[in-house]
There are 2 protein chains.
Amino acid sequence: MKESKVPTLKSIAEKLNISVTTVSKALKGYSDVSPVTRQKVLDIAEELNYTPNSIAVNFRTKQSKTIGIIIPEVVHHFFSSIINGVIEEAERQNYFVIILQSNENKEMEKKQVELLISKRVDGIIMSLSNQSNDEDYLKKIIDRNIPLVLIDKISKLIDCSKVIIDDKKAAFDAVNHLINIGCKKIAHIRGPLNPQNSIDRFLGYKTALDHHNIPFDSSLVYPCKRVCYEEGYDFTKQLMNDHPDVDGIFAITDLVAVGALTYLNDQQIKIPNQVAVIGFSNWFMSSVISPKLSTIDQPGFKMGAQAFLLLKEEMESMRNAGKRVCKTITLNTDLIIRESTSK
Amino acid sequence: MKESKVPTLKSIAEKLNISVTTVSKALKGYSDVSPVTRQKVLDIAEELNYTPNSIAVNFRTKQSKTIGIIIPEVVHHFFSSIINGVIEEAERQNYFVIILQSNENKEMEKKQVELLISKRVDGIIMSLSNQSNDEDYLKKIIDRNIPLVLIDKISKLIDCSKVIIDDKKAAFDAVNHLINIGCKKIAHIRGPLNPQNSIDRFLGYKTALDHHNIPFDSSLVYPCKRVCYEEGYDFTKQLMNDHPDVDGIFAITDLVAVGALTYLNDQQIKIPNQVAVIGFSNWFMSSVISPKLSTIDQPGFKMGAQAFLLLKEEMESMRNAGKRVCKTITLNTDLIIRESTSK
DNA sequence: TTGTATGCGTTATCAC
DNA sequence: GTGATAACGCATACAA
């Protein structure tokens, strides 16, 4: 009874004894097909539940209407916000989004790039793993003329479009705020040495100190490897031992800051009176933890949406002019003041 | 200088003055090609940086090696864990994953299904929106013989493979635990009326009361619409007004439970001594909030990985035997006891 | 207004 | 061992 075969233009054509071309044109609303024929085609298509085989269309048109995004990990508020932004905007423009994770692993990232190239996606959005900067496989994307947009975790050495925030300024704002509420000795639990935004946040920290003539003390800087809750906890413990008189902490990200808060809470150290803490990213947790965490709001969703729009521009420019756009969009961040810095 | 054209079998063949067939065979390691020829092909392929055009391959083999997953929203710890599991397992098996969101909207979900069907994905994994159950568009997936696996938010009315937890039992465990620590009057901030797991958790709540001969009081049940932090906060406020003597709260999910905790904290109501609170899902936040939230651990990652494996089984069964597997896998949940229920 | 022919890149069949 | 040929489903240039 049930027609198990998937309907194609051909099966419609055969049913009506007309050519595949006419069916194709009718379905696409071309003007050079008679209203009568068109209606017949439409009816049969409806009846057969026809949907175009998009693989064939992709093959024919050389566009997959699919983009790939490679990020360190989906299970992370900031990255999933980015993904959300990308998907929403992509959807609006009829693009599909394939998600690949690098798990902060350079080899994995390389493999993912190869996969996407082979998959012939129309473009790629990437947030680099902490291990990578100007690796060969990134250059390969460029060489292949595949539209590329880097987002948040970028490399300054790769010439392509980028969507970023001003990490240095944002970090400056955070530390400046700590100083303004009276902190004199501020520690920085920083990220790994390689990633650009980790570097920039560190520079922002340093600049803010400079700005207020507070001498920089490298022993107050603790570098995370995995940038996790535990490191926030452990480094704070170490910090409070090394420098019992510290009165402010700027953490590379909220997760680390929450680890810091937890240690301070455990030790009954008063926040913010004895030690003020500020994080970075503004993920949901920050607003419900006790004390509520001050932080820098990083517009993940918006960054994702912008990245897609920029990628689309790249794709069009590449098709039409055969060259890249290479624009960098810097989105604003906001200082969010909550209990952990409200003296 | 740079070869702007993407290398194909043909370009390799031309360079070597051999046939496309031979190139194809050589690249795929067929035995009926001489070692010499093979090496030459391999060398040129390497030199040209050849990667097979997978769109063409998909077209030819009628497999896209791509699956689609439709979930309510990515920016949610549980769902992103599921995605993580799906992606990791898919990657291991050389599949790509396209992610689509329904935003808890039935119309959107329907549209996403149509898109995936048209995209000719090899299979679909879905976590249903709160609005849907046995909608036509789900049946359409079945009718089209597209492998389908429902995960977590399922419909009992659709006959396909499923990956779930035993929501009723898990909820029973949670409420049973509240009773065991001495709670006599337990409220339930439940989910919407439609979703199966919201129903099952409610039933688990009721069964646990029954089990201990505690009369069920429907006025102690508050139904969320959006299942968010604010609802947790507001319903708890309402609850404490309606029933000042309540001593336990079972919330449909951690997010709601955290809203409840916040209200109780704000009102200086002692947790757990005056009111004990337990959530559901065990997302990261629960373990760092104050007081630390007791909850039910829901293995999102594992569910996602299982869902992919089951989908693969479906895909193979469909190809080989032309029929579905329709297996239901129920994963274990764990009761996580933390401060919010440690009297 | 309709239809014919061609090709996209790959793979499978079958002949040489 | 090798290669010519067809086929997958669709879109387009062009012919009728």
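Lettering follows sequence order; numbering is per chain, from 1. Quantities reported herein were computed from a predicted structural model and do not represent experimental measurements.
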Query raised in the report: Nucleotide by nucleotide, 5' to 3', does protein get under 4.0 Å of the base (B), only the sugar-phosphate (S), or neither (-) in nucleotides 7-16 of chain D, counting heavy atoms?
Result: BBBBBBB---
Query - Of all pairs that satisfy salt bridge (Lys or Arg N to Asp or Glu O under 4.0 Å), the ones with a partner from residues 46-65 of chain A, not counting sequence neighbours - result: none
Query - Residue pairs fulfilling salt bridge (Lys or Arg N to Asp or Glu O under 4.0 Å) with at least one residue in residues 307-322 of chain B, sequence neighbours excluded - result: B:Lys312-B:Glu316, B:Glu313-B:Lys327
Requested in this report: Write down the distance between CG (A:Leu16) and C1' (C:dT1), rounded to a whole number of angstrom.
Outcome: 15 Å
Requested in this report: Can you sort out the partners of A:Ser64 under side-chain hydrogen bond (donor to acceptor under 3.5 Å, both in side chains), two or more places apart, ordered by chain and number?
Outcome: A:Asp122
Determine all donor-acceptor pairs shorter than 3.5 Å in which one atom belongs to a side chain in residues 28-35 of chain B; sequence neighbours excluded.
unit_1, atom_1, unit_2, atom_2, d
B:Ser34, OG, B:Thr37, N, 3.2
B:Ser34, OG, B:Thr37, OG1, 2.6

Query raised in the report: With a 4.0 Å cut-off, would you call A:Glu109 and A:Lys106 a salt bridge?
Result: no
Report task. For C:dG3, take OP1 and OP2 only and decide whether either is under 4.0 Å from a side-chain N or O of A:Ser19. Result -> yes
**Report entry** Whole-Å distance separating the CD1 atom of B:Ile12 from the C1' atom of D:dG3
**Finding:** 17 Å
Query raised in the report: Can you tell me how far P of C:dT4 sits from CD1 of A:Ile18, to the nearest Å?
Result: 12 Å
Query raised in the report: What's the NZ-P distance between A:Lys40 and C:dT1, to the nearest Å?
Result: 14 Å
Query raised in the report: Which residues satisfy the salt bridge (charged side-chain N to carboxylate O under 4.0 Å, His left out) test with B:Asp136, sequence neighbours excluded?
Result: none
